Protein chains: 2
Amino acid sequence: MKARKIVMEMDSYVPGKSQDEIAAEFGLNKEDIIKLGSNENPWGPSPKAIEAIEKEDININRYPESDLRELIEEFANYSGVKPSQVIVGGDGADEIIDVLAKTFIDPEDEFIVPLPSYMYYEYLLKQYGAIPVYARWDMDANKLDVDSIIDSITEKTKMIFLCSPNNPTGTLISKEDICKIAEINEDILIVVDEAYFEYSEVTNKDLIDEYPNIFIIRTMSKVMGLAGMRIGYGLSSEEIIEYMFRIKPVFSLTRLSYVACLNTLRDKEYIERSIKDGIESRQYLYEELSKIDSLNVFPSKSNFMLIGIKDTGFTAAEFARELMSRGIIVRDCTSFKGLDEYWIRISICTLEEDKIFIDKVKEVLS
Amino acid sequence: MKARKIVMEMDSYVPGKSQDEIAAEFGLNKEDIIKLGSNENPWGPSPKAIEAIEKEDININRYPESDLRELIEEFANYSGVKPSQVIVGGDGADEIIDVLAKTFIDPEDEFIVPLPSYMYYEYLLKQYGAIPVYARWDMDANKLDVDSIIDSITEKTKMIFLCSPNNPTGTLISKEDICKIAEINEDILIVVDEAYFEYSEVTNKDLIDEYPNIFIIRTMSKVMGLAGMRIGYGLSSEEIIEYMFRIKPVFSLTRLSYVACLNTLRDKEYIERSIKDGIESRQYLYEELSKIDSLNVFPSKSNFMLIGIKDTGFTAAEFARELMSRGIIVRDCTSFKGLDEYWIRISICTLEEDKIFIDKVKEVLS
């Protein structure tokens, strides 16, 4: 059996190390490992989500409802848009990106992504035969090089990905820049990834009423504390949402994801506290890490920050390994296109964990 | 914005009625509705699955592990194959079918499916530009018309779907017929859907060592009682499994689906009892319904059965509505290609529910 040409040319899949493997390799207690690698909410899920799960779990022999109406209304309410402008996905924002590709991408279409940015856009879109065209994130100014986007547009351009706050650089793309790009050609879909928008307290969702070619990606995996339940959503014009529903997987959201999501969205106190605590942790980490001369700490509007470590004498792989042997997981950013081998990304943690992390960094650098 | 041509030509999505809507429309208590529409396990999930969920739910703020090794080993163990012959999906068998299409289907490829059979193959494969070619299920003999499959093969054929036991007809495709079809051209993938195999006590999994072009689809949604957690798996040659892992969504299985699945597979007592009770219910339903002259009840090797109702004077839509007004959901099969408007499909239920169902059927027909 031969797979499609594009699959035959891909690399084999190598899963990341499991927590168990890391614990075994370094002789650590699995429970003691501090996770700064995946931009999760370190304070745990909403108690309301847990309560809802434990009430619903006797029904998991039943298929989920195909009608997501109640949840869609809650997302619309949270986002300040109409229910008909909302789509929900069952594999986090990843499913939303996949459905976007399936709805709009024909083989040989081009998509533009500035480097560095979230790598999964490319992983998914290439599967549909799309061709990546790279624009530039200005690392010195830590902002999008808008002209590099505009210069990359051709008549084959179908989508442009703008992650704001941008992963892994942490800062925002201005609304002015997004509008400028969206106005160029209304047949190009501008995908604004707002996975981390709550931490920036800025959203571009108001643009979907003005621009029929803007699509906002959101997720329940970050501030909402539900990374393990795989829920994403998207906001856009009614026309685009309706197209996507035609081909979206019908049952991809589990019964427990559904109730966890609904009850987290209704837990306003949890959401507010998660944002507040996240911003506080970010400020603390930024201040403390900035005191360390050999680190180039990027300011962030998100729940993570990028750190250049060239002056430490370590590569990112070496630095991450030193920290891992001390029970701390950070993101070695070497695999991000557009970054060299001297960058790590860390997520906010509880203040207690932040302190341990900073002590361990100092230990490695001493 | 224009979507892809294939999406523009599709119908808009209309979700099924929710339980709440049905209850409201007919003035029913939601909890009292008896569900014979979706081939679920009516006895609920394994208590071990619930226990595992309630232990793990405090960690749902964390991403699932990307390494599915422990679960894959448990599937291999349950299925009697090597771990390298197993792939796991996070949206039930639907994700497995989607990944199959993404791995193997180029636009204009043809796939063969006998009618009637499971409709979701076509729904998914068409999204990849594949063209359905229909073969024939012999409704009089209630068996696959093998020649109709063989006659449908062209040089464009990429996949052949053989659902065994076949949904909605309920009976098996013989191993001899599967081999005969698989031998014709080893570049055609033979997809054997064993979603319901436990109820038939027959599997074709031994064929994957002999035929590199056979792929077995399985699910946790039926006998395993986890329809709401969306877990599917596939068994095939190491080569095919490795291709599929290259493009499979990495995190599509939720943390709670993972532990629920692992602990259900280990609950041998639950699995055995679910099969035994399912077969007992099926026998009871078959015997009792066969006594009703105007029903044409198909014998079944699955957890559902197909019933021709032409002689009742009702169409399937009318009959289903009559039952729904009495608190019973059955599947009106009119939307199955290859069936006319006089067929319903019912799932096994608990014996108590079976009895209520039969009483209500008699009431409708009296």
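All values reported here derive from a predicted model rather than from experimental measurement. In what follows, chains are A, B, ... by sequence order, proteins preceding strands, each numbered from 1.
- Only the side chain of A:I53 comes within contact range of chain B, with heavy atoms under 4.5 Å apart.
- Remark: B:D57 CG to A:E51 CD distance equals 11.0 Å, nearest 0.5 Å.
- Counting heavy atoms from C-beta outward, A:S38 and B:R62 have side chains that stay 4.5 Å or more apart.
- Salt bridge present: A:D98 and B:K102 bring a charged side-chain N and a carboxylate O closer than 4.0 Å.
- Contacts with chain B were tallied for A:E95, A:K126, A:M8; A:M8 has the most, counting heavy-atom pairs under 4.5 Å.
- Ranked by heavy-atom pairs under 4.5 Å with chain A, the list B:F104, B:W43, B:Y63 is led by B:Y63.
- Interface summary for chain A: among B:A49, B:P42, B:G129, B:G92, the most heavy-atom pairs under 4.5 angstrom belong to B:P42.
- Of the possible polar contacts, none joining the B:N41 side chain to the A:N61 backbone as a donor-acceptor pair under 3.5 Å is found.
- The most heavy-atom pairs under 4.5 Å with chain A, out of B:Q19, B:Q127, B:R255, come from B:Q127.
- The side-chain heavy atoms of B:R69 and A:E21, taken from C-beta on, include a pair separated by under 4.5 Å.
- You'll find the side chain of B:E242 stays beyond 4.5 Å of the side chain of A:Y13, heavy atoms only.
- For the set A:N213, A:V250, A:L68, the entry with the most heavy-atom pairs within less than 4.5 Å of chain B is A:V250.
- Your options are A:D187, A:D109, A:T103, and the one with the most heavy-atom pairs under 4.5 Å with chain B is A:T103.
- Contact annotation for A:S257: only side-chain heavy atoms (C-beta onward) come within less than 4.5 Å of a heavy atom of chain B.
- The candidate from B:K5, B:E70, B:K35 with the greatest count of non-hydrogen atom pairs under 4.5 Å with chain A is B:K35.
- Scanning both residues, A:M10 and B:I247, for their nearest heavy atoms gives SD-CG2, 3.3 Å.
- Proximity to chain A involves both the backbone and the side chain of B:E54, based on heavy atoms less than 4.5 angstrom apart.
- Of all non-hydrogen atoms in A:P64 and B:A227, the two that sit nearest each other are CD-O, 3.9 Å.
- Here B:S66 is the residue among B:S66, B:P47, B:S237 with the most heavy-atom pairs under 4.5 Å with chain A.
- For B:I240, the part lying under 4.5 angstrom from a heavy atom of chain A is the side chain only.
- Across A:D94, A:D20, A:L256, the residue that shares the most heavy-atom pairs under 4.5 angstrom with chain B is A:L256.
- Contacts of B:Y258 with chain A are absent, with no heavy-atom separation under 4.5 Å from either backbone or side chain.
- Looking at B:L124, only its side chain comes within 4.5 Å of chain A, counting heavy atoms on both sides.
- Expressed to the nearest 0.5 Å, how far CD1 of A:I105 lies from CZ of B:R4 amounts to 9.5 Å.
- Within the 4.5 angstrom heavy-atom criterion, only backbone atoms of A:I188 (N, CA, C, O) approach chain B.
- Neither the backbone nor the side chain of B:I6 comes within contact range of chain A; no heavy atoms are under 4.5 Å apart.
- The candidate with the highest count of non-hydrogen atom pairs below 4.5 Å against chain B, out of A:S221, A:G90, A:P212, A:S46, is A:S221.
- With a 6.0 Å radius and a threshold of 12 heavy atoms from other residues, nucleotides or ligands, B:E210 has its CD atom above the threshold.
- More than 12 non-hydrogen atoms from other residues, nucleotides or ligands lie less than 6.0 angstrom from CD of A:E238.
- For the set A:D67, A:I60, A:D106, the count of heavy-atom pairs under 4.5 angstrom toward chain B peaks at A:I60.
- Between A:D91 and B:P249 there is a side-chain heavy-atom pair separated by less than 4.5 Å.
- For chain A, no part of B:M224 is nearby; none of its heavy atoms comes within less than 4.5 Å.
- Here the straight-line distance linking atom NZ of A:K158 with atom CE of B:M1 works out to 6.5 Å at 0.5 Å rounding.
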